[in-house]
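Structure record follows, encoded as structure tokens.
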Amino acid sequence: MSSLLDALNPEQLQAVTLPSQHALILAGAGSGKTRVLTTRIAWLIQTGNVSPSGVLAVTFTNKAAKEMLTRISAMLPISTRGMWIGTFHGLCNRMLRAHHRDAALPQAFQILDSQDQLAAVKRTLKALNIDEDRFQPRQVQWFINDHKEEGRRPKDVADANDEFGRRALQVYAAYDEQCQKEGVVDFPELLLRCYELLQRNEPLRAHYQARFRHILVDEFQDTNRLQYQWLKQLAGAGAALFAVGDDDQSIYRFRGANVGNMADFEREFHVPNVIRLEQNYRSHGNILDAANALISHNRKRLGKNLWTAAGEGEPLWVYEAQTDGYEASWIAEEVQSLLADGRAGRDIAILYRSNAQSRVIEHALFSQGIPYRVYGGLRFFERQEVKHALAYLRLLANPNDDAAFLRVVNFPARGIGARSVEALQDAARAADTSLWQAAARLSGKSAASVGAFVKLVTALREATQGLPLPEVVAHVIDASGLIGHYQAEREGADRVENLNELVNAAAAFVQDDAYVAQFVADAAESPAAPADPLSAFLSHAALESGENQAAEGADAIQMMTMHSAKGLEFHVVFISGLEEGLFPHEQSFVEEDGLEEERRLMYVAITRARTRLYLSYAQTRLLHGQTRYNLPSRFLDELPKGVLKWLTPQLGRALGERAWRAEEPPAHLNRAARSSPSRLPFRVGQNVVHPKFGQGVIVNAEGSGTDARVQINFGPQGMKWLQLEYAKLTAA
DNA sequence: CTCTAAGAGATTTTT
DNA sequence: TCTCTTAGAG
């Protein structure tokens, strides 16, 4: 047992060996959070504090859950089968499957992903005759999810006094009713339904409360209201809740995360143990100094300061480029020399605030022949052809799934036009049935073609009865005509390949130990729970959308948004686009506490780096087809001067003289400047200071002499046109 | 049904 | 500027 604890520092050790009480672990970036969490579980089991089946550990991503499982298995000689380790959604799904009857769900209920949900919302809008232009489906979807995540059903939503609120509520009610009818649930519904199940079903609640003696939560700062309520409920009968999180790394408020849960937890549970993990094992001192200094500008913090036993290391390298294109080529060159020095591509990450920024950088890397990998984008199970195949499979499992029905009723094309579908929808609405049921008893003109579809699905179901899952999938993609359709298409080769890959995914799935384990566990939990590999696979497809990109093997530079970088670490990190308006994003200026969230994002970005960190920005950036002149990000000013090493002459802010101006930008890059009247003492792109508005950049100019006016971007102070004759401008 | 053209919109993301 | 969605023509 001692070997388990050997490598821990005093705080980690304390956290791991806490008595069976509530605990809040404030774990800074790189402080060994996952290690503490997993060692805690192993320690609890090994010391006999709890049996594996008494453990519930919950994460946000499948990746994190898998990682946890792997690490625990490595530490313990026992099987992890009895443990409930997974994502919030995964665990709720599991519980709902085991007790579907009590949750008023069909045995093979299907899960709608965000895409499916949006489509369903659109259908509801149409059914209610609501104008999509005035009431945007996305807004309505957001409205629905927001209420669900606060635990509110339509009846719990307060009457709105605005038109949108009233209509959206109407849609919410109709949408929920429709989902219930079809036997489908969206993501937030998984949580809410599970929460309500436990709330209403006293014996069931008591059962799980008695079972889970230790509940552990990862990334607690990212939990939303409902997730917190769910945890509270499960821990309600004396279980020990062990929450690990970092308020400084809370960057997901836009999707409902509520950092306040940390303070609420401490207060409501009278948490006797609050432990701070502040020793960082990842980064060199200068990097941590920068991170600490930056985050100290935030007011709302629980407080924490990272330190390291490693040396101070290199300074942070800062680069100012004239344009986004130059910034990108500089990055590419720097990367090139790192690679030449023997640094592996996978150790280097290029981070940016928004996906749109990746393009220029990709271009630069590409033209230098540097292999790179961009994260984010379509995942395997989100691909069109895969979704089509899944829709057929969903219909086999649950024919009342209208979303699946609509997706493939005429794909591949079989002559069922929009009007036939509409007629069918009307019939279904009138008879209050699913489309499938309406189709089955349809008569009239479109009966033939729709009938053929019904026959096809029925035939698929019969032909695959009793077959192993991979064979079911193989049969469906072929007999549905999907493969044939894409083979006939000019550029369909990749899609055919993906469809075949789906067969492999199914084969891998049924062999996966996690699946087998869950199946065994659920059968034990509720003998009534059916062994249905197809439904399980479909849940898996919805809950785990698969890898981001295929080319895994090759060594490549990692490119991603700062958000997706959370939880990762790299030897070398580039943070690009450090410009006011971009990062911090201009949207954050108007959001409540928006700047603090942006600053936390910067904090996350900085703390990804182990040994070397580059910071860069451009004076000029092409955005939405327009040249924008941005000020350097305020975050640069918030870093300690001593740890920064400028690779370019500083803007003259400190010097009072613009040494950098000595070097004229290439003419082709300076079109705006050339076109502005040359007599002006100022020019476009120049940094200036205004007594009232502070520092700004001239972005436009017109007129001459006493008429001369310039437009200046003062960052957060906004954009202003100023008459040169009166404005007391000085060069920055 | 498929193709083209015009229009809107353009943070951040997992499940 | 670019990309995605949707409306209308062929």
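Hydrogens, waters and symmetry mates are skipped; everything else that's a heavy atom, side chains included, is used. Chain A is the first sequence line, chain B the second, and so forth, proteins listed ahead of strands; every chain is numbered from 1.
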Check this for me, if you would: do A/Arg152 and A/Glu196 make a salt bridge, where the nitrogen-to-carboxylate-oxygen distance has to be below 4.0 angstrom?
no
I want to know whether A/His297 and A/Phe635 have ring centres closer than 6.0 Å.
no
Would you say B/dT13 has OP1 or OP2 under 4.0 Å from some side-chain N or O of A/Arg379?
no
If the threshold is 4.0 Å, N to carboxylate O, is there a salt bridge linking A/Lys148 and A/Asp176?
yes
In whole Å, measure the gap between the C1' atoms of B/dT11 and C/dT6 for me.
24 Å
Integer angstrom distance from the P of B/dT12 to that of C/dT5
15 Å
Using only side-chain N and O atoms of A/Asn355, determine if any of them is under 4.0 Å from OP1 or OP2 of B/dT13.
yes
With stacking defined as ring centroids separated by under 5.5 Å and planes differing by under 30°, is A/His585 stacked against B/dT11?
yes
Quick check on ring-ring contact (aromatic ring centres under 6.0 Å, His included): which of A/Phe187, A/Phe60, A/Trp230 does A/His89 satisfy it with?
A/Phe187
Measure from the side-chain heavy atoms of A/Thr61 and tell me the nearest of B/dT13, B/dT15, B/dT12.
B/dT15
Side chain of A/His624: nearest nucleotide among C/dT6, B/dA10, B/dT13?
B/dA10
Heavy atoms from C-beta onward define the side chain here; which of B/dT14, B/dT11, B/dC1 lies closest to that of A/Ala413?
B/dC1
Looking across every strand, which nucleic acid part, if any, lies under 4.0 Å from A/Lys122 by heavy atom: base, sugar-phosphate, or nothing?
sugar-phosphate
Contact class for A/Gln136 (heavy atom, under 4.0 Å): base, sugar-phosphate, or nothing?
sugar-phosphate
Aro-ring/base stack A/Phe254-B/dT12, d under 5.5 Å, angle under 30°
yes
